Structure formats: structure tokens, C-alpha cells
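Worksheet for the structure shown next.
We name chains A, B, ... by the order of the sequence lines, and we start the count at 1 in each one. Keep in mind that what you see is a predicted model, and the values were worked out from it rather than measured.
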Amino acid sequence: MTDHTRSMTPIIEARNLHKRFGTFTAVDDLSFRVEKGEFFGVLGPNGAGKTTAIRMIYGFSPLTSGSMRVFGLNIEQGWREIRSRLGVCQQENTLDPDLTVEQNLLLFAGYFSLPKVIAGQRSRELLEYFALEHKKQAKVEHLSGGMARRLMLARALINDPELVILDEPTTGLDPQSRHQVWDKLKELRSRGLTMLLTTHYMEEAAWLCDRLIIVDHGKILVEGTPRALIREHAGDSVVEVETPSEALREFTRSRNLQHDDLGNRLIIYNTLGPDLEHQLRGAFCDQTCTFRQGSLEDVFLRLTGRGLRE
Amino acid sequence: MSRAGRYSPRLLRVWRRNLVVYRRIWKVNFLVPLLEPLFYLLAFGIGFSRLVGDVMYAGQELTYVAFIAPALLATAIMFNAFYETTFASFVRMYYQKTFDAMLSTPLSLEEVITAEILWGATKSVLAAGLMLLVIALFGLVRLPEGLWVLPLAFLGGMAFGAVGMYFTGITPTIDMFNLPIFLFVTPLFLFSGTFFPVAGLPVWAQIVAWASPLYHLVELSRWAVMGRMESSALVSLGYLLLFSGVFFGLAVRAMRRRLIK
Ligand SMILES: Nc1ncnc2c1ncn2[C@@H]1O[C@H](COP(=O)(O)OP(=O)(O)O)[C@@H](O)[C@H]1O
Ligand SMILES: [Mg+2]
């Protein structure tokens, strides 16, 4: 490593990643690093290139150009060792429908060449941890969406990985299941596991991630902690005004306030503190103003735009 | 990633996964190879052989049933491996995403594909073993030489498993398998010296039969089961080995193209 300022090798070091499918560029010069013990987020709308980037981390997709090192090993030569030390929870359900819940874990352990005794022990622990013990003889097609997702997580942990990659782990889950997954992920994080998560749920990223990047069209738009990103791009607070008056628009322009004008709704991002809030309250808000805290969702929408994807 | 580094004994774990699934419904899996020869032998023995009478093969008069019994073994070997690496592998690859999951573990694509073909060959051996049992009960198998059918089933299974996997690599949707079935498997089934001896055919038809991998498997099967064949065992073995090797290479290449994006 040429970088002397860090004593530890990063868990993931991606440099100038490119991925092209024919003439289409899905990942466009992505560089990031994930340190040991970090919960790292990759946020982006559908089609941003999250899954494509992730597949390059575990050596499923060859890089068009750039370099990828995981655990300090180059993915091209070290893919087998890298994969044996990480766990992947893919976006789609890739559980084996021909097998029972327990067999899914045991046979997967076999792919990692785990000894039988250890595989049995790990799978018992994981079934208990993810509250799936009572389902261990069930076929996976009989699992609910939440249970299937938990089994995917359990399977990603079967080899006691040092890094877990989670591709939209809560997409499509009901709120109860989602919160359950979040709790488990938080707990795993507190045990020092390094995790990389992709999501388009801002709440999820804000709640789980230490640091994140927002990606669109295969490029990184921003990088930082959720808190810093909110402060920088959404301000301390946000004021939403329904059917804004021309006077308010004029005021917004003249004071050079950060804002989004959606026609029948004006969103003002307050980076100037409580004074501005008082001013707005006094002069422009009869009944149609909403004052709230800035959120990661504001950051996301401001950076990736409000246009529909797909 | 060097090519040699993509193969390791770990591939047996994938083979084992298929065995575990097979064992779950082993009774059903056993039923077909046990009943199929019964049906054929009954139909041909009782019905058809009255029409045909005896058959001249490799300079000997044979009952029609004795003539087709080894061919039934060979076609079962072909169908079992081919079905496994086409329809069954396609379902695992495309619908169940089983390969995607495996490729997030220390398994390589080459190992997954090799294990699938090996599994196809294993199913051929299992089916051939069960059928051999039934055919032996009819007194149509010389023993113990007839047991050579088992390693032959493995070789034949590798050949047809590899060609099936190649089709899986290039076939866009599962119903498109009708094409290789209709244009490849069915003609082989009918024109490989299975139901009538090749020797009596016009020369061009003999040449066509000679190019058929099933013809060589049928020949070797006749040699194992009754100690007679009309061609050379070494040539047939060599042909099947070559065929397996070529299509194994093509299968891996096609699957790599299809799956690694
Ligand atoms: N195998 C492929 N061939 C062609 N285009 C692809 C392929 N895989 C992904 N893409 C395209 O690359 C872009 C990024 O996809 P993806 O990484 O799946 O996005 P995300 O996971 O962020 O939703 C999309 O426009 C998608 O259509
Ligand atoms: Mg995705």
C-alpha cells in the first residue's frame, strides 16, 4: 500500500471502476473505500448502477477498467479467497427452492468447504438468531417475504464473513419485517462486522450507515456521513409552502435561498438558522407552511432530481 | 484468473446439492427407469416383434427384443443426461437463480457447469443401472460383462450432458429447447441403429449414423450386453471421448458468455 496515512488496509478499495455493457456505461469512474468496521451505504435511484458495482466487488462481473481490492487482495487473482471471506445478500431471492430452509444453509456452507460440524452449529445459531428455527424443515417457497429475506441474510453469514454485502435487503418488505431486518443489521454492525448496503430507502440509510455515497448514472454525486450531507444539502430545517405567493417567490430569490420550486409547492432549505424561520413564519405563513427537519430524502431528491425513473 | 485455477474438487459440492435434491424424491426418480424398459420390451416383444421377426446383426440372428434392449439403455443414457443439463439446468440457472447464489461463494462458473454435467452423467448411470436390472431379469444381459454399461453410461452421460449444457448456454427461453430436441435428439433416437440395424441401410445413411454419438453408444452397449458389435469398440470410445471434450469446451464458453456480465 502506498498510502502511509492509514495504518490498516481498507476492506474495500475501489479505484476508477468502469463497467460498460456494449456502448452503455453502467458504472462510470467510481472510486470509494470502506474501512474495517464501517457500515457503508450506496444510495441511488433504480438503474443508478448499484447492483453492477456490487457485482464487481465479489468478482461476479469483470471490470471494464479500474481496480478493485478487497481485504487487500486484487479481485482478479484473489477472487476465491475474497469470496470465501465475504457474504452476499443479493437483491433477488436466490434461495434454493428445491431445498428446505435448513438445507439451504447447510449446503451453502458446503460451497465454502465448512466442516460439517461447524456448518451444523452455524446454521443452528443463525436460524435462532433470525427466528427461523420453527421453519427449518419448511420449503423456502412456503416462507413469507420477510422470512425469505431473513434466510437470505442468515445464508450470507454462514461462513462467518468479515464483510457482508447487502443489495437492497429490505425492498418489498412490510414495515414490521423491515424494522426487524434493520435491528438485526444494527446489532451485527455493533459486533464489528463491516457492511456495505445499497438502498433507495433514505430512512434506512440514515438509520444504519456511518458513511455513504449517493450514486446516479454510475457516478458518485456526494460522499459523507448522513448528518453532514443533510446539513450541507438540506440545511438545518426545511420549510414546505403550499401554493406559494408571488411575494414569497420574490423573497426567496432576493435572499438567494436554496429552494426547489415545484409550481404548486415551494421547498426552502434553510441553512441560515432560526432567524429565517421566524421571518418566514411572520411574513408568509398564514396556514400553508410546514416546518420540518431536513432529511436524507431531501438530499437525495435534490441531487438526483425529481424525474421518474424507469 | 488463470484457467486452471478455475477448477477444483469443490465442484463436488454442487454435484452433491443435486444428489440431495434427487434423494428427496428418489422413489419417483427410480420409477421411470424401472418402468420405461418394461413398457418398451412389452410393446416391442409382444406387439412389434411378430411383424419384424428376427434381426440380422453383426452376423447373427437375434430376436427383436434382444436387438433393441441394449439400444434402450443407450437412449435412456442420452435422454437422462440431456434432459438434466437442458431443462433442469435451465430452471436452476434462469428461474431459480441457483447459479447466481453459487457464484457469490468460492465456486467458479467452470466448477458449477462441470458439476452440472457430471450430475447429468450420474443420472445416466443411475437410470442405466436400474434399466439394466430390469433387462437382466428378462434374461437379455450377459453377466458380469453387462456391468460395463455403467461406465459407458457415465461416458455417454458426459457426452450428452455436455451437448445439452451447450444448448442451455445458447438457448434464449426454455420452450426453445424444442428445437434441439426435434432437430438433434429425435433424429439420433430414430437413426442410430436403435430400432433397425444400420448395416442394411444405403451408404449415405450409414455415414450419417456413424457421425451420431448415440450410434457409438448403442454399439458399445450392445457389446457390453451381448458381446457383439458391428463396429470397433476403440473407435466408438474415442469418438465419444472426443465428442464429450469438444462440447464440454463449447458448453463452458457458452455459459460464461451467458452468465458473466
Ligand atoms: N447485463 C446487462 N446488460 C446491459 N445492461 C445492463 C446489464 N446489467 C445492468 N444493466 C444496466 O445498467 C444500469 C444499472 O443497473 P443496476 O446496476 O442493476 O442498477 P441499480 O442496482 O442501481 O438499480 C441499468 O440501466 C441496467 O439496465
Ligand atoms: Mg439493483
Side-chain angles (χ1 to χ4, degrees), chain A residues 19-22 26 51-52 54-62 64 74-100 102-104 106-114 119 139-141 151-152 155-156 158-159 161 164-165 167, chain B residues 1-26 28-29 84 87-116 118-119 123 253 255-261:
Chain A
K19 183 71 191 181
R20 274 188 281 281
F21 297 111
T51 300
T52 308
I54 272 187
R55 285 180 170 166
M56 292 195 268
I57 300 174
Y58 65 91
F60 183 91
S61 296
T64 304
N74 191 312
I75 191 71
E76 261 131 56
Q77 291 89 44
W79 64 274
R80 212 191 275 272
E81 185 185 337
I82 290 170
R83 282 197 206 159
S84 74
R85 291 165 63 184
L86 59 74
V88 182
C89 181
Q90 282 149 329
Q91 185 173 353
E92 314 108 359
N93 179 344
T94 59
L95 295 170
D96 199 324
D98 296 329
L99 302 171
T100 65
E102 190 181 32
Q103 282 175 327
N104 258 280
L106 292 176
L107 283 160
F108 217 71
Y111 304 154
F112 289 92
S113 302
L114 251 59
K139 283 202 130 193
V140 297
E141 63 198 275
L151 183 56
M152 287 280 290
R155 197 181 65 173
I158 193 76
N159 56 327
V164 178
I165 295 173
D167 197 359
Chain B
M1 168 159 60
S2 80
R3 277 187 188 210
R6 295 181 192 155
Y7 292 91
S8 79
R10 200 186 290 262
L11 64 88
L12 292 175
R13 309 286 184 151
V14 178
W15 179 86
R16 209 179 139 253
R17 177 245 170 239
N18 290 336
L19 180 67
V20 168
V21 176
Y22 179 87
R23 280 199 314 225
R24 280 173 68 108
I25 47 164
W26 68 271
V28 180
N29 284 323
E84 189 62 31
F87 290 100
S89 291
F90 195 92
V91 166
R92 287 193 280 274
M93 167 190 79
Y94 188 84
Y95 295 102
Q96 305 187 352
K97 313 259 177 238
T98 312
F99 298 174
D100 286 354
M102 287 170 174
L103 294 179
S104 72
T105 76
L107 285 162
S108 71
L109 177 87
E110 282 74 6
E111 286 160 351
V112 174
I113 299 310
T114 309
E116 290 279 302
L118 270 178
W119 173 248
K123 280 196 80 173
R253 211 175 65 159
M255 289 303 279
R256 183 157 266 285
R257 242 185 234 166
R258 170 162 205 151
L259 290 179
I260 304 297
K261 296 266 165 70

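From A/N104, atom CG reaches atom CZ of B/R17 across 9.0 Å, with rounding to the nearest 0.5 Å. Of the inter-residue distances, the one linking A/Y111 atom OH with B/M102 atom CE reads 3.0 Å to the nearest 0.5 angstrom.
Per-residue heavy-atom pair counts under 4.5 Å with chain B were compared for A/G78, A/G87, A/P62, A/S113, and the maximum is reached by A/S113. Of the listed residues (A/R85, A/R83, A/E81, A/Q90), the one with the most heavy-atom contacts under 4.5 Å to chain B is A/R83. Highest contact tally toward chain A, considering only B/L12, B/V14, B/L107, B/L259, is held by B/L107 [criterion: heavy-atom pairs under 4.5 Å].
With a threshold of 4.5 angstrom between heavy atoms, A/L107 approaches chain B through side-chain atoms but not through N, CA, C or O. Of the two parts of A/I75, neither the backbone nor the side chain holds a non-hydrogen atom closer than 4.5 Å to a non-hydrogen atom of chain B. Contacts between A/Q103 and chain B at a heavy-atom distance below 4.5 Å involve the side chain alone, from C-beta outward. Residue contact with chain A, scored on non-hydrogen atoms closer than 4.5 Å, is absent for B/L109. Heavy atoms of B/R10 lying under 4.5 Å from chain A belong exclusively to its side chain. The parts of A/T100 that come within reach of chain B are both its backbone and its side chain, each placing non-hydrogen atoms under 4.5 angstrom from that chain.
None of B/Q96, B/K97, B/R92 except one satisfies the side chain to side chain contact (heavy atoms under 4.5 Å, CB included) rule with A/D96; the exception is B/Q96.
Here the side chains of B/S108 and A/W79 are in contact, with some heavy-atom distance below 4.5 Å.
Judged by distance alone, with hydrogens and angles left aside, the side-chain atoms of B/R16 form no donor-acceptor pair with the main-chain N or O of A/G110 at under 3.5 Å.
Taking each heavy atom of B/S104 and A/F112 in turn, the nearest pair found is O-CZ, 4.4 Å. When all heavy atoms are compared, the tightest approach of A/F108 to B/T105 is CZ-CG2, 3.3 Å. Closest non-hydrogen pair, B/S8 versus A/R80, comes out as OG-NH1, 3.7 Å.
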Walk me through whether A/D98 and B/R24 qualify under salt bridge (charged side-chain N to carboxylate O under 4.0 Å, His left out). CA-CA 9 Å; A/D98 296 329; B/R24 280 173 68 108; over 6 Å; no
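The environment of OH in B/Y94 is sparse: at most 12 heavy-atom neighbours from other residues, nucleotides or ligands sit within 6.0 Å.
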